[in-house]
Every structure is written in C-alpha cells, then in structure tokens.
Amino acid sequence: MLASHHSVSTLLIRTELTDVGIATANIPVITIDGPSGSGKGTIARRVASALDWHLLDSGALYRLVGLAAARQGKMNAGEAEIAAIAEHLDVRFSSDESGEEQVWLGGAEVSRELRTEDCGRLASQVAALPAVRDALLALQKGFRRAPGLVADGRDMGTTVFPDAALKIFLTASAAERAKRRHKQLNDKGIDVSLAALSRDIEDRDRRDSERSVAPLRPAEDARLLDSSNLTIDEVTRTALDWAQGLEQDLD
Ligand code: DC
C-alpha cells in the first residue's frame, strides 16, 4: 500500500474543516517539477490519487494553448493574440467510465492529440512567451481546491505555487530519460535511434534551463529526487513519505 489510510483521512478531514470560509492559501499544495522524461506526470497522478487530492497537469495547459493557436491559424500572430487565446481557454477536464483522463477544448475531446510530439512542439513555443505564462497564472491557481492539490510542471514551485507545503524536483539522467522515451516510442511501433533521442533531450534541457522566461530550475526549498535508478513505485513511495512528514509538520 502506498500510504496509510489513517494519515490520509486525517489530513483530508482536517483540511476540509479548516477550509471553510478561509482563503485558498490554507489548501495544501505539493509541487512536482522537473524535465520531461523524469516521470513527474506519472508520479503526480499517483500521489494525487493516493491522497485523493486534485491534480494539475500544467503542461497540458501549454499544450492546449498551442493546439488552440494552431487550429485558429494564429501561431505567428504575435504574443498578445496568443496570450488572449490562453486567457479565454475553454477547457474542461474529466474522466471516462474506466477512469481514463479526458481533456476537452471548446467542447471537443482532444486528450490524444494533446500527447503528440507536434503538440509538444507547439506547447514549447507558446510556453516561451511571457504574456502566455501570465495569462495562464490565474487559471493554474484556480486548481487549488480542498482538500489539496498536486501540481506538476516546470515552474510550479518557483512561480505558480511558491508557498507550496512540499516541493519536489524530480530528475533523471539524460541517458535514462532517453531510454524511457525510446521504450515508449518502440511500444508504439515507432523506430528512432537512442543516440538521436539522447541528443534531443540534452538540447531541450539546455534550452529549458537557459531560457530567460521561467527557466527550469528547482525552487530553493525544493527536495531533489533522482529517479534514474528507482521504479515508479519507489519514487511514489518516497513522495508520499515526504507528504506524510508534511502532515506531521502541519499538526
Ligand atoms: O510537460 P509537457 O511536456 O506536457 O510540457 C509541454 C511544454 O510546456 C514543454 O515545452 C514545457 C512547457 N511547460 C512550461 O513551460 N511550464 C510548465 N509549468 C509546464 C510545461
């Protein structure tokens, strides 16, 4: 079992009681930031589910803005127009009967399209625009709802939720991330060379951590977790152990 029922339910009851009529600042947030391929999406989903907290996949929002801008033929329309799309994003998250997550853009289901490499490229272009990042700020903060939120991305701990109770910076070596991505693509029947993937990942890391707008870096008070030699279960257990320490601190 990933977390003791006792500690989780205690945390839920306590936050529900203290939440009544009190600002969202009292709703606990766990941030999980890190480079792509570190496994943060998977870990965030597992931690949120074990705690029964809400989940924010902030990368999906950047992907949605990229997708919406491309569909409207506005990728080259300039920063202000793309920021306006971000500001008025008509998005809804739900899950189907088997619990699979669904993302809706303007009433159409786009979950699969959102995960494509093309959409990732569009996302990284719009994510470099400061006005787009600003426009998404309020939307992201709105995910902070009782009993708690697990937020994953690049700047969750540094910019969006600087007051988060627990900040995790999840890393993995470039070689390990390339290996994971290679396996993922192979499983889908896509044949790419491991060396090319490694180069891609190293280039992207450099761009992400050197860009002037919201560069990828751990918050000063983040706990670093290297997943290179750990299984998904081991990483999840560590994150949940830290979350339990958090609960004791709050008591
Ligand atoms: O995590 P992902 O691959 O879904 O992210 C898509 C793009 O969005 C990626 O280029 C990084 C960017 N992003 C960001 O700049 N800030 C975030 N909080 C989340 C994602």
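As the structure is a computational prediction, the values presented were derived from the model and not from experiment.
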So, the side chain of [X] versus the backbone of [Y]: is there a donor-acceptor pair under 3.5 Å, distance only?
X: Thr24; Y: Ile27; result: no
X: Lys167; Y: Pro162; result: yes
X: Arg92; Y: Trp104; result: no
X: Ser198; Y: Ala178; result: no

Tell me whether [X] is salt-bridged to [Y], with the criterion being a basic N under 4.0 Å from an acidic carboxylate O.
X: Asp200; Y: Arg121; answer: no
X: Arg45; Y: Asp152; answer: no
X: Glu176; Y: Lys179; answer: yes
X: Asp187; Y: Lys183; answer: yes

**Item:** CG/Asp163: more than 12 non-hydrogen atoms of other groups inside 6.0 Å
**Value:**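 Yes - once you tally the heavy atoms of other residues, nucleotides and ligands closer than 6.0 Å, there are more than 12.
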
**Request:** For Asp191, look at atom CG and say whether over 12 heavy atoms of other residues, nucleotides or ligands are found less than 6.0 Å away.
**Result:**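 Result for CG/Asp191: open.
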
To the nearest 0.5 Å, what is the distance between [atom1] ([X]) and [atom2] ([Y])?
X: Lys141; Y: Leu136; atom1: NZ; atom2: CG; value: 12.5 Å
X: Phe143; Y: Leu55; atom1: CZ; atom2: CG; value: 9.0 Å
X: Trp53; Y: Arg144; atom1: CH2; atom2: CZ; value: 10.0 Å
X: Glu109; Y: Ser94; atom1: CD; atom2: OG; value: 7.0 Å
X: Glu101; Y: Asp96; atom1: CD; atom2: CG; value: 10.0 Å
X: Asp233; Y: Thr238; atom1: CG; atom2: OG1; value: 10.5 Å

Kindly indicate whether the side chain of [X], heavy atoms from C-beta on, has any atom under 4.5 Å from the side chain of [Y].
X: Trp242; Y: Leu225; value: yes
X: Val103; Y: Arg63; value: no
X: Asp33; Y: Lys40; value: no
X: Leu149; Y: Met156; value: no
X: Pro218; Y: Leu224; value: yes
X: Ile168; Y: Val47; value: no
X: Leu105; Y: Glu113; value: no

What heavy-atom pair brings [X] and [Y] nearest, and what distance separates the two atoms?
X: Glu79; Y: Ala131; result: OE2-N, 2.8 Å
X: Val150; Y: Ala44; result: CG1-O, 3.7 Å
X: Leu240; Y: Ala50; result: CD1-CB, 3.8 Å
X: Arg154; Y: Leu216; result: CD-CD1, 3.7 Å
X: Leu89; Y: Leu61; result: CD2-O, 4.2 Å
X: Val192; Y: His182; result: O-NE2, 3.0 Å

Please determine whether residues [X] and [Y] belong to a single hydrophobic cluster, defined as Ile, Leu, Val, Met, Phe, Trp and Tyr linked transitively by side-chain heavy-atom distances below 4.5 Å.
X: Leu56; Y: Leu137; answer: yes
X: Phe161; Y: Ile30; answer: no
X: Leu129; Y: Val213; answer: no
X: Phe93; Y: Tyr62; answer: yes

**Message:** If we count only N and O atoms by modelled type, under 3.5 Å, do the side chains of Asp118 and Thr116 hold a donor and an acceptor together?
**Reply:**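 Asp118 vs Thr116: no donor-acceptor pair found between side chains.
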
**Message:** Does either side chain, that of Arg180 or that of Ser227, offer a donor lying less than 3.5 Å from an acceptor on the other one?
**Reply:**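 Yes, side-chain donor-acceptor contact under 3.5 Å.
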
**Prompt:** What residues, two or more places apart in sequence or in another chain, satisfy side-chain contact (heavy atoms from CB on, under 4.5 Å) together with Thr158?
**Reply:**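 Thr158: side-chain contact (heavy atoms from CB on, under 4.5 Å) contacts with Asp155, Arg217, Ala219.
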
**Request:** Kindly write out the residues that satisfy side-chain contact (heavy atoms from CB on, under 4.5 Å) with Ser193, not counting sequence neighbours, or none if the list is empty.
**Result:**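 Per chain and number, Ser193 pairs via side-chain contact (heavy atoms from CB on, under 4.5 Å) with Ala195, Ala196.
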
**Message:** side-chain contact (heavy atoms from CB on, under 4.5 Å) for Val126 and Met75? Distances and angles first, verdict last.
**Reply:** CA-CA 8 Å; Val126 301; Met75 276 308 283; 4.0 Å; yes

**Request:** Quick one: do Val29 and Val160 satisfy side-chain contact (heavy atoms from CB on, under 4.5 Å)? Show the steps, please.
**Result:** CA-CA 11 Å; Val29 179; Val160 184; over 6 Å; no

**Item:** Qualifying residue, where the test is side chain to side chain contact (heavy atoms under 4.5 Å, CB included) with Ser38 and the options are Ile32, Val235, Leu170
**Value:**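 Of all the options given, the one that passes is Leu170.
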
**Item:** Criterion side-chain contact (heavy atoms from CB on, under 4.5 Å) on Arg177 and Asp205, from CA distance to verdict
**Value:** CA-CA 11 Å; Arg177 284 183 285 135; Asp205 280 359; 2.5 Å; yes

**Request:** Before giving the answer on side-chain hydrogen bond (donor to acceptor under 3.5 Å, both in side chains), spell out for Gln102 and Ser111 the whole-Å C-alpha distance, their side-chain angles and the decisive distance to 0.1 Å.
**Result:** CA-CA 6 Å; Gln102 293 178 313; Ser111 323; 6.0 Å; no

